[in-house]
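To keep things clear, I will list the structure first and then write my remarks on it.
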Amino acid sequence: MISKKIFSTFLLLVCVAFASIAQAQKLPNVMILATGGTIAGTGATSTTTVGYTAAKIGVDALIDAVPELKKVANVKGEQVFQIASENMNNDYWLKLGKRVNALLAQDDVDGIVITHGTDTIEETAYFLDLVVKSKKPVVIVGAMRPSTAISADGPINLYNAVLLAGSKEAIGKGVLVTLNDQINAGREVTKTNTSTLDTFKTPELGFLGYIQGSKPFFYRQSTRKNTADTVFDISKLDSLPQVDIVYGYANMNPIALNAFVTAGAKGIIHAGVGDGSLNNTVVPSLVEARKKGVVIVRASRVGQGIVARNGEADDDKLDFVVSDTLNAQKARILLMLALTKTSDSKEIQKMFYEY
């Protein structure tokens, strides 16, 4: 016969088990997609914060290193690929975007976190901001110091990212980037310093918000269309049109521009000086490229501010497009996707004002 004490202990254990199950059911389900980067990097010593090797640690090890994740979400991990983000390319983007859309279509996925190298994090964020077909949160996170460093920022950044991806506050905000307790919009964020922890900023428009005390606080959001509200669909795409960037500088020449056009570029982003100004030496080549059907977008190397249409060039006459507030690397992404829909420069200009 079972004693009352044993029976009471058994009932207590059962109650605890059911309480744990109930708690797990209340937590959001967050999928972590790992792609490599510094957050998965290792260094020779605990003080190595430069000269380390990126993309060495797998997703399971990243998750195990932050046991606190279990308190804020039901977490699963998947290694999509394992690269240093300077090696990011269109094929990786298409693979990642399709996987994100497939997961977000599932009822048992409430949000997604993507671990990523910081070098191209802003580009991947904007690409996904344009192609994800869900309002569920997608949060991209990285680290400025490898996992082996004394003061590695990866664990707290990952914790904050999971917290954010599982929050109701992040729904419908577009693709987000979070590092250093700060929340930025994928469309607007940029890397501003080569190595400091506070490198990711939106210098003029500002952060969307902060994470403090295990809670996200939003103070603004982007007004541009994103995710489920865009016209872009990558579900059947196996490649993206070739778009290249030409950088403006004093005493520049058209050699790079002509080479890109000869190599088959369908679009050129001209990252001009100031307000997207064009050096006289490249104007004839830009005009000739446009006559061949290459779409020309005037952006600025400055990195902030609006590139004014018909400001530093007669865009109407030349049939050029301006990038609005997008920097050159993000203008390239929008133009690539725009070219999957149309080659009409007027329609493409509308997209640059819309997205």
Side-chain angles (χ1 to χ4, degrees), residues 14-37 39-40 57-82 92-116 121 124-125 127-142 154-178 183 186 211 214-216 218 221 226-230 232-237:
V14 170
C15 290
V16 170
F18 274 108
S20 297
I21 293 172
Q23 177 64 23
Q25 290 175 339
K26 290 180 181 178
L27 292 175
N29 299 315
V30 175
M31 176 66 80
I32 298 177
L33 300 181
T35 70
I39 194 171
I57 304 298
V59 65
D60 292 336
L62 289 177
I63 292 172
D64 291 342
V66 192
E68 293 82 2
L69 294 178
K70 298 176 182 178
K71 298 178 181 179
V72 296
N74 301 313
V75 174
K76 292 182 180 179
E78 180 180 319
Q79 194 77 44
V80 186
F81 41 81
Q82 182 80 304
Y92 285 129
W93 276 340
L94 289 171
K95 180 178 181 180
L96 181 61
K98 290 175 182 179
R99 186 58 182 144
V100 168
N101 280 332
L103 288 169
L104 292 179
Q106 299 176 192
D107 293 335
D108 60 349
V109 175
D110 298 310
I112 288 180
V113 167
I114 299 167
T115 62
H116 196 289
I121 209 171
T124 297
F127 176 78
L128 293 176
D129 198 54
L130 294 171
V131 304
V132 167
K133 293 303 171 188
S134 173
K135 291 292 186 180
K136 294 178 183 179
V138 175
V139 180
I140 306 186
V141 66
I156 186 61
N157 287 346
L158 182 59
Y159 174 81
N160 283 341
V162 169
L163 182 80
L164 186 59
S167 71
K168 290 182 172 57
E169 291 88 346
I171 295 173
K173 296 291 197 305
V175 173
L176 305 172
V177 174
T178 184
I183 307 169
I211 298 175
S214 295
K215 182 176 175 59
F218 282 91
Q221 68 184 79
N226 58 65
T227 57
D229 295 328
T230 78
F232 306 116
D233 181 7
I234 62 169
S235 61
K236 297 180 181 180
L237 291 180

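Counting heavy-atom neighbours within 6.0 Å of K98 NZ, excluding the residue itself, gives a total above 12.
For the pair A73 and V162, the tightest heavy-atom approach, listed with the atom from each and the gap, is CB-CG1, 3.6 Å. Listed here is the closest heavy atom pair of T227 and K133: O-NZ, 3.6 Å. Between V59 and A34 the shortest heavy-atom distance is CB-CB, 3.6 Å. The shortest heavy-atom contact between S167 and P137 is O-CG, 3.9 Å. Contact detail for L128 and G97: the closest heavy-atom pair is CD2-CA, 3.7 Å. Heavy atoms only, all atoms of each residue included: G142 and N157 are closest at O-ND2, 3.0 Å.
Relative to the ring axis of F218, K173 places its NZ or CZ within 45° and under 6.0 Å from the centre.
The distance from the CG atom of L103 to the NZ atom of K136 is 9.5 Å, given to the nearest 0.5 Å. Separating the CG atom in N74 from the CG atom in L69 is a distance of 11.0 Å, to the nearest 0.5 Å. The OG atom of S214 lies 12.0 Å from the CG atom of L164; values are rounded to the nearest 0.5 Å. In this structure, CZ in R99 is found 4.0 Å from CD in E78, a value given to the nearest 0.5 Å. Rounded to the nearest 0.5 Å, atoms CG (L163) and CD (E68) are 12.0 Å apart. Of the inter-residue distances, the one linking T178 atom OG1 with I211 atom CD1 reads 3.5 Å to the nearest 0.5 angstrom.
Remark: the backbone N or O of N29 is paired with a side-chain donor or acceptor of D110 at under 3.5 angstrom. In this structure, the side chain of N101 does not engage the main chain of D233 through any donor-acceptor pair within 3.5 Å. Between the side chain of Q82 and the main chain of I57, a donor-acceptor pair closer than 3.5 Å is present. In this structure, the side chain of N226 does not engage the main chain of D129 through any donor-acceptor pair within 3.5 Å.
By the 30° and 60° cut-offs, the orientation of the rings of F81 relative to Y92 is tilted.
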- Take V138 and I114, measure what side-chain contact (heavy atoms from CB on, under 4.5 Å) needs, and give me the verdict at the end. CA-CA 8 Å; V138 175; I114 299 167; 4.0 Å; yes
- Given side-chain contact (heavy atoms from CB on, under 4.5 Å), test V141 with Y159 step by step and report yes or no. CA-CA 10 Å; V141 66; Y159 174 81; over 6 Å; no
- Query: Could you go step by step and tell me if L62 and T115 meet the side-chain contact (heavy atoms from CB on, under 4.5 Å) rule?
  - Reply: CA-CA 9 Å; L62 289 177; T115 62; 4.2 Å; yes
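D229 has a carboxylate O that lies under 4.0 Å from a charged side-chain N of K135, or vice versa, which qualifies the two as a salt bridge.
Between I32 and L158 there is a side-chain heavy-atom pair separated by less than 4.5 Å.
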